[in-house]
Amino acid sequence: AAAVTILVVVASQFPGEEEEIADRNFVAVVSNAEGALWEGDDAAVLVGSALEPGVIELCDGWIEIELDSGVHIVMDGPARLELVDENHGILHEGRLSAHVPPQAIGFTVTTPGMDVVDLGTRFGVNVSPGSGPEVHVFDGEVEAISLNRKDRELITSELTRRLDRTSGKLEEVPFDP
């Protein structure tokens with residue numbers, strides 16, 4: 001509903017562009033932001049901005065994103081997230097947390113080397129240079145799958161796993177919300 005409202009507002013501000021805007025495939029909306037700047041042009045992130053599939057590069061601050069599926073994501077900059085659709089994102093670098101409502105179970109975050117598939121939960125993912133990606137489950141459960149298929153694990157509340165990039169195995173690390 002929020003994306004539709006934004007679409008109407010944007011369309012009414014740019015006469016003659018209504019048809020082009022209506023053809024776009026928005027999958028999310030920025031619902032909140034603080035000190036947030038997009039990478040590249042250092043433009044401030046505007047609350048209410050509709051987002052299409054594609055790469056979001058945040059160089060500073062944090063943003064909250066509401067996906068059309070109902071998934072709520074908070075992303076801290078610097079971070080780079082590719083929105084594939086309303087049920088899938090690829091975190092190339094940075095940190096995000098996701099709250100996934102029942103209607104969006106199956107929402108997936110792909111990282112370098114690992115898929116994190118939600119099974120009804122709140123979880124966080126961290127991708128930082130020099131370390132394998134981590135998943136932190138705050139509530140509920142996710143399935144972490146090593147993309148080389150050497151390891152697959154159901155991770156429940158208050159557990160953390162890190163992918164060892166060399167072996168492709170999921171390692172237990174201390175839970176630190």
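Numbers for residues simply follow the sequence, beginning at 1.
The shortest distance between side-chain heavy atoms of Ser131 and Arg162 falls below 4.5 Å. Within the 4.5 Å cutoff, the side chain of Leu96 has no heavy atoms near those of the Val74 side chain. Looking at Leu58 and Asp60, their side chains never come closer than 4.5 Å, going by heavy atoms from C-beta outward. Between Asn25 and Pro53 there is a side-chain heavy-atom pair separated by less than 4.5 Å. Looking at Ile90 and Leu81, their side chains never come closer than 4.5 Å, going by heavy atoms from C-beta outward. In this structure, Met114 and Ser146 have side chains that are not in contact, with every pair of non-hydrogen atoms separated by 4.5 Å or more. When side chains are defined from C-beta on, Leu51 does not count as touching Val29, because their heavy atoms never get closer than 4.5 Å. Between Val117 and Phe107 the shortest side-chain heavy-atom distance does not fall below 4.5 Å.
With respect to Asp164 and Lys169, no salt bridge is recorded, no charged nitrogen being found less than 4.0 Å from a carboxylate O. Remark: Arg152 engages Glu143 in a salt bridge, criterion side-chain N to carboxylate O under 4.0 Å.
Closest of all the heavy-atom pairs between Gly168 and Asn148 is CA-ND2, 3.6 Å. Closest heavy-atom contact between Pro112 and His92: CG-O, 4.1 Å. Val137 approaches Phe175 most closely through the heavy-atom pair O-CE1, 3.3 Å. A pairwise comparison of heavy atoms in Leu119 and Val142 identifies CD1-C, 4.1 Å as the closest pair. The nearest pair of heavy atoms linking Glu141 to Leu154 is OE1-CD2, 3.8 Å. Nearest heavy atom pair, residue Phe26 against residue Ala50, reads CD2-CB, 3.4 Å.
The CD atom of Glu86 lies 8.0 Å from the CG atom of Leu67; values are rounded to the nearest 0.5 Å. Taking CE of Met75 as the start and CH2 of Trp62 as the end, the distance is 12.0 Å to the nearest 0.5 Å. Atom-to-atom distance recorded for Ser97:OG and His72:NE2 is 6.5 Å, nearest 0.5 angstrom. With rounding to the nearest 0.5 Å, the separation of CG in Leu37 from CD in Glu57 is 13.0 Å. Atom NE2 of His136 sits about 14.0 Å away from atom OG of Ser157, to the nearest 0.5 Å. Leu163 contributes atom CG, which lies 6.5 Å from atom OG1 of Thr111 (distance to the nearest 0.5 angstrom).
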| Going through the checks in order, is the side chain to side chain contact (heavy atoms under 4.5 Å, CB included) test met by Thr160 and Phe123? | CA-CA 10 Å; Thr160 299; Phe123 67 94; over 6 Å; no
| said: Let's go through Arg161 and Glu153 carefully: what are the C-alpha distance in whole Å and the side-chain angles of both, what is the deciding distance for salt bridge (Lys or Arg N to Asp or Glu O under 4.0 Å) to 0.1 Å, and is it a yes or a no? | reply: CA-CA 9 Å; Arg161 296 294 184 268; Glu153 184 176 344; 2.8 Å; yes
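When Leu91, Thr108, Val135 are each tested for a side chain to side chain contact (heavy atoms under 4.5 Å, CB included) with Val116, only one passes: Val135.
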